[in-house]
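Encoded as structure tokens, the structure appears first; notes follow it.
We use all heavy atoms of the structure for the numbers below, so side chains are in, but hydrogens, waters and symmetry mates are not. This structure is a prediction, so every number in the text was calculated from the model and none was measured.
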Amino acid sequence: MTRPRIALLNAAHEAAGNRRNFRRELAADLTEFHLPGGDHPETYDFDGVVVTGSRASVYWDEEWIDPTKEWVETAIDRGLPCLGVCYGHQLLADVLGGRVESMGEYEIGYRTVEHTGDDVLFDGVDPEFTVFTTHSDAVVELPPGAERLATNDYGVHGFRKERVFGVQFHPEYDVQTAEEVTKGKDLPDERIQRVLDGITPENYDAACEAKQVFDNFVDFVREVDVNDVQAPNTDDTVGEDAVAADD
């Protein structure tokens, strides 16, 4: 396998920024599905799956969320490697039996995260590294059997269960996205300005180290043979009544 075929589940309500960032960072052949727009995969004919960030919460009652969870659950059962970013991290944790809750506050801006050094997802990344974060929900209970890979004082920033990985931070963000997302938050003007003041070339350059997780995930996908996992006894498409599935 040279360039894996990856289903990009774009969960942002405004898709363009995610599309630009993930297409730039993932060295794979991407088939994009804009989940809030009603676009969703109808088969599982992919080598891997990436679920992006979103302004949604996994516990919201939006019509695309439950069908997304159902498709992702079957993809996991079929052995497809999955990577979730921010909302995607939370959705994968939820699907696997973890618990996601509101934090009652925002973590936003460039922050320091530590990883355990025990997993391929963080190969080549320093034990303490800089990331851009923006979220008000968190994985407060890991799925049964999952391993915590990265944390900071706000909680879980990375986990793995078998072929499923999640990261709470945004390794895909460029400066433009960080500024746009920050300006769009319903936060006090003073806090927004502090975050904007921290979006500097130096902080962005430091955060680029975390982009290594994308290369590591793609390498992992290349090495996985999905045929060694028994596919569930189900049709190869989601049901006709399924409507698929910003920070």
Side-chain angles (χ1 to χ4, degrees), residues 1-11 18 21-33 41-53 68-69 71-93 95-98 113-127 129 131 139 142-151 156-172 207-232 234 236:
M1 185 191 304
T2 53
R3 287 179 64 87
R5 299 163 301 156
I6 289 180
L8 178 65
L9 304 190
N10 189 342
N18 268 357
N21 290 331
F22 282 93
R23 288 191 177 278
R24 182 186 62 241
E25 301 300 340
L26 286 167
D29 291 332
L30 304 181
T31 303
E32 181 185 351
F33 301 91
E42 295 183 347
T43 74
Y44 299 89
D45 188 24
F46 302 100
D47 300 308
V49 179
V50 172
V51 189
T52 76
T68 297
K69 292 180 182 180
W71 188 90
V72 167
E73 183 175 16
T74 302
I76 292 170
D77 288 345
R78 288 173 175 264
L80 291 179
C82 297
L83 172 66
V85 175
C86 196
Y87 171 83
H89 155 87
Q90 296 163 13
L91 183 137
L92 292 176
V95 165
L96 289 168
V113 169
E114 298 181 27
H115 71 82
T116 62
D118 297 330
D119 195 84
V120 295
L121 189 66
F122 289 101
D123 281 354
V125 179
D126 288 341
F129 58 104
V131 296
V139 175
L142 288 173
E147 178 185 2
R148 188 187 310 259
L149 300 181
T151 58
V156 178
H157 267 275
F159 80 91
R160 176 181 182 178
K161 182 175 181 180
E162 299 174 351
R163 296 178 177 181
V164 178
F165 305 84
V167 293
Q168 180 61 69
F169 54 89
H170 284 278
E172 81 281 8
C208 283
E209 179 186 22
K211 296 179 185 294
Q212 183 65 38
V213 301
F214 290 127
D215 289 342
N216 292 341
F217 177 71
V218 171
D219 287 345
F220 179 83
V221 171
R222 286 194 183 99
E223 295 171 1
V224 166
D225 179 5
V226 297
N227 295 317
D228 66 9
V229 174
Q230 180 66 42
T234 184
D236 202 36

Query raised in the report: Looking only at atom types and distance, does a side-chain atom of Glu25 sit under 3.5 Å from a main-chain N or O of Pro171, one as donor and one as acceptor?
Result: no

Query raised in the report: Do Leu9 and Pro41 have side-chain heavy atoms sitting under 4.5 Å apart?
Result: yes

Query raised in the report: So how far is it from Leu92 CG to Phe159 CZ, rounded to the nearest 0.5 Å?
Result: 5.5 Å

Query - Under 3.5 Å donor-acceptor, Asn10 side chain and Glu32 backbone - result: no

Requested in this report: Starting at NE2 of His170, measure out to CG of Asn21 and round the result to the nearest 0.5 Å.
Outcome: 10.0 Å

**Report entry** Close side-chain approach of Phe122 to Val213, heavy-atom, < 4.5 Å
**Finding:** yes

Query raised in the report: Just wondering, do Val85 and Phe22 contact through their side chains at under 4.5 Å, heavy atoms?
Result: yes

**Report entry** Residue that, paired with Asp119, satisfies salt bridge (Lys or Arg N to Asp or Glu O under 4.0 Å) out of Lys161, Arg148, Arg160
**Finding:** Arg160

Requested in this report: Kindly indicate, with the supporting measurements, whether the criterion salt bridge (Lys or Arg N to Asp or Glu O under 4.0 Å) is fulfilled by Arg5 and Asp29.
Outcome: CA-CA 5 Å; Arg5 299 163 301 156; Asp29 291 332; over 6 Å; no

Requested in this report: For the pair His89 and Phe169, evaluate ring pair (Phe, Tyr, Trp, His ring centres under 6.0 Å) and give the outcome as yes or no after the intermediate values.
Outcome: CA-CA 9 Å; His89 155 87; Phe169 54 89; 8.7 Å; no

Report task. Mark yes or no for whether Arg163, through its side chain, and Gly48, through its backbone, hold a donor-acceptor pair below 3.5 Å. Result -> no

Report task. Check for a donor-acceptor pair, side chain of Thr31 on one end and backbone N or O of Ala7 on the other, with a separation under 3.5 Å. Result -> no

Query - Contact check, side chains of Val51 and Cys82, non-hydrogen atoms, under 4.5 Å - result: no

Query - Glu147 CD: over 12 foreign heavy atoms closer than 6.0 Å - result: yes

Query raised in the report: Taking atom CG of Leu121 and atom CG of Leu149, what is their separation to the nearest 0.5 Å?
Result: 6.5 Å

**Report entry** Side-chain heavy atoms of Phe46 within contact of Val221, under 4.5 Å
**Finding:** no

Query raised in the report: Phe129 vs His115 aromatic rings, parallel, tilted or perpendicular, using cut-offs 30° and 60°?
Result: tilted

